[in-house]
Amino acid sequence: MNKLWHVAFQEYKRHVFLKRFIFSLLSLPLVIGMMLLLIFVMELSENDPRPLGYVDHSGVLAQAIPVPATSRFDHLVDLVPYDDEAPARAALDSGEIQAYYLLPPDYLETNHVTLVYVRDIGSNARRQFVDFLQLNLLAGRPDNIVDLAMEGPEVIVRTPDGSREFSRSRMLSLLLPVFASMALVILILTSSGYLIGAVAEEKESRTMEILITSISPNQLISGKLLGITAVVITQALSWLFFGALFIFIGGSYFGYEWLQDARMDFSTVVVIIAVMLPTYVLFAALLTAAGAAVSAVQEGQQIAGFFSMLLWIPFMLLQHVMESPNSPLVVGLSLLPVTSPMIITMRNFLTIVPTWQVVTSVLLSSVAAAGAVWLAGRSLRAGMLRYGQRLKLGELFKRS
Amino acid sequence: MMNTVEVSHITKTFGDTRAVDDLTFAVERGEIFGLLGPNGAGKTTAIRILLDIFKPDGGSVAILGGPMTEAKKNHIGYMPEERGLYQDSVLEGCLVYLGTLKGLSAAEARKRVAVQLERFELAEHKSKKVKELSKGMQQKAQLIATLVHQPELLIIDEPFTALDPINTQMIKDLMHDLRRDGVTILMSTHQMHQVEELCDRILLIDHGRKLLYGSLDDIRKQYSGHAVLVRPEGELPTLEGIEAITQVNSTVKMSLAAGISPQEILKALLAKKVILEKFEIAVPTLDEIFIRAVAEAAS
């Protein structure tokens, strides 16, 4: 096995088999789990399991068709018919039912319904009765008409050339690339500690001289970058897995419509990977170079803070990007290696990003990433034997 | 026979300081070579240039038959003055990792590390973290890391620093064993008595410049004064051709006049029926040579 892979594997093991990493890995699913639990508890608290009564003088509900449950978490309540308002009122007063609806004889003309309650009814019961009424009003119509009327119209907004479209059900699919760019920022920020400290351990433990007489500085730095990238990918994949699990559970079990039918086009995935990978390598190499040049990890963290500020520029310009996604400034930022992934994914949500801009951005980012890896190698070579002494910028370009 | 290391006119400057100044020397195959000098003489810089850690400002280095390459790094063992192992790593894992960086497969490295751990009596500590080991144990572990890939050339910077007598002896024995196995050893030190015991040839440098270079015997001869050391039984008679007599502990150092040989003095002593417990040509210690050479260079 090439020495570079040994370094990469060692670096990977060094981080992944730590409790700290396991905690950070589980932090996202824990947060998602807590969110799901919170939503579930909030829904439960809003729901009232007691039956709901109704008094129908209009005859619309004479041969009532019940609302079928669409998910196991619909919390359907029993709908109890009353011939007259008096027994319904008695049941309400005794607490047998949470409320009752009153449909007057002229309901079909006036569309007026009265809800009588002591305390406001649960949202589940309100939603259920509206669906129940709608379903029975549509009784006798063909099933497809019933389904269309019940679900409402699906408006699809399409660009004139037909290359992009937007609809309520595809909202998540369109937002996923934006989430991916935010995930990149979070991954860079979380891995910055690893990157800054990539060679700090060797410097602190004085193993640098032994390593450097076994492997070239470029191989060492590349191996370390590879190992840390693998750590980040492990983290990203685990987050992706838990995210997909969240979408699946939310869409299939909880029946949240906005979580259903979430998908990304293959071309979008390719664009995201193409613009994000070189940018990640660029940041990773710059952070590693900074870590190799400084005398203490703490000093490196200040530099990491500066780099993270660069990452947030696109988010600070969010309003401008949304208002003018094709302005010269935004197009310029799309090409700039540091900001391109975030800007391109945001613009992808709002407009059509020309292919030449994506290709130019990827090329520029790749060149910058290669340069940063070279710089990291130089920084390691020049700074590897400096214990407690900071490297000056000019020294990076001197013969060591 | 090709030399293992050939250094030709190397110089290296850091800022205003010339750390190595036109240094030329060779290390022959299979010998123990001592690179000597006072603190700050440029020994470590010279070693780092040999190992391609630093690029020289001028001059050239040939190591194992040519310029340093990545492949050659697998044939060199280096123990720097600043000893270091991954403190938070488990001993065995740390050594196996360092072995793989010297070109061994993980399986081979594990096998060899196991053998060396037994040899250095560290096998029972293999699952401990490095930081949990004593200094002596860490020193042994450092040696394993340096030797695990069976190098052709071993470079040790200050091998005896902060070692107790047991570990000092262990390293000396090891160096003898390695020389017997044909390993070339370059050691840098300022502990002269260790050099006298171990080295075949030496290079003495100061302020980055060469002061003395050659075999120990030749250098001693070069610095030997025109004197003999004598320990007689009883009183020493007056002899012709003696310029000065100095008492050194129980021995008398007799400085000879020009044109008088030690053999003539021995003959004269025996003629006067002096019983001799000791008679030898006075040879300066390496410590004395070191001090004289450095002082001469300074003046």
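When reading the values below, keep in mind they use all heavy atoms of this one structure, side chains included, and skip hydrogens, waters and symmetry mates. It should be emphasised that the depicted structure is a prediction, and the values quoted were computed from it without experimental measurement. To find a chain, count down the sequence lines: A is the first, B the second, and so on, and within it residues start at 1.
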Derivation of the ring pair (Phe, Tyr, Trp, His ring centres under 6.0 Å) call for B/Tyr97 and A/Phe9: CA-CA 10 Å; B/Tyr97 172 57; A/Phe9 184 54; 9.6 Å; no
Taking distance alone, no hydrogens or angles, what donor-acceptor pairs closer than 3.5 Å link side-chain atoms of residues 123-131 of chain B to residues at least two apart or in another chain?
from     : atom 1 : to       : atom 2 : distance (Å)
B/His125 : ND1    : B/Lys128 : NZ     : 2.9
B/Lys131 : NZ     : B/Asp88  : OD1    : 2.6

Checking side-chain polar atoms at under 3.5 Å, does A/His6 have a donor or acceptor matched by the opposite partner on A/Gln10? no
Pair B/Arg179 + B/Glu31: basic N to acidic O under 4.0 Å: no
Which residues from residues 66-78 of chain B are near chain A, with near meaning under 4.5 Å between non-hydrogen atoms? B/Glu70, B/Lys73, B/Asn74, B/Tyr78
Rounding to 0.5 Å, atoms OG1 (A/Thr339) and CG (A/Leu310) come to a distance of 9.0 Å
CE-CE distance between B/Met79 and B/Met187, expressed to the nearest 0.5 angstrom: 11.0 Å
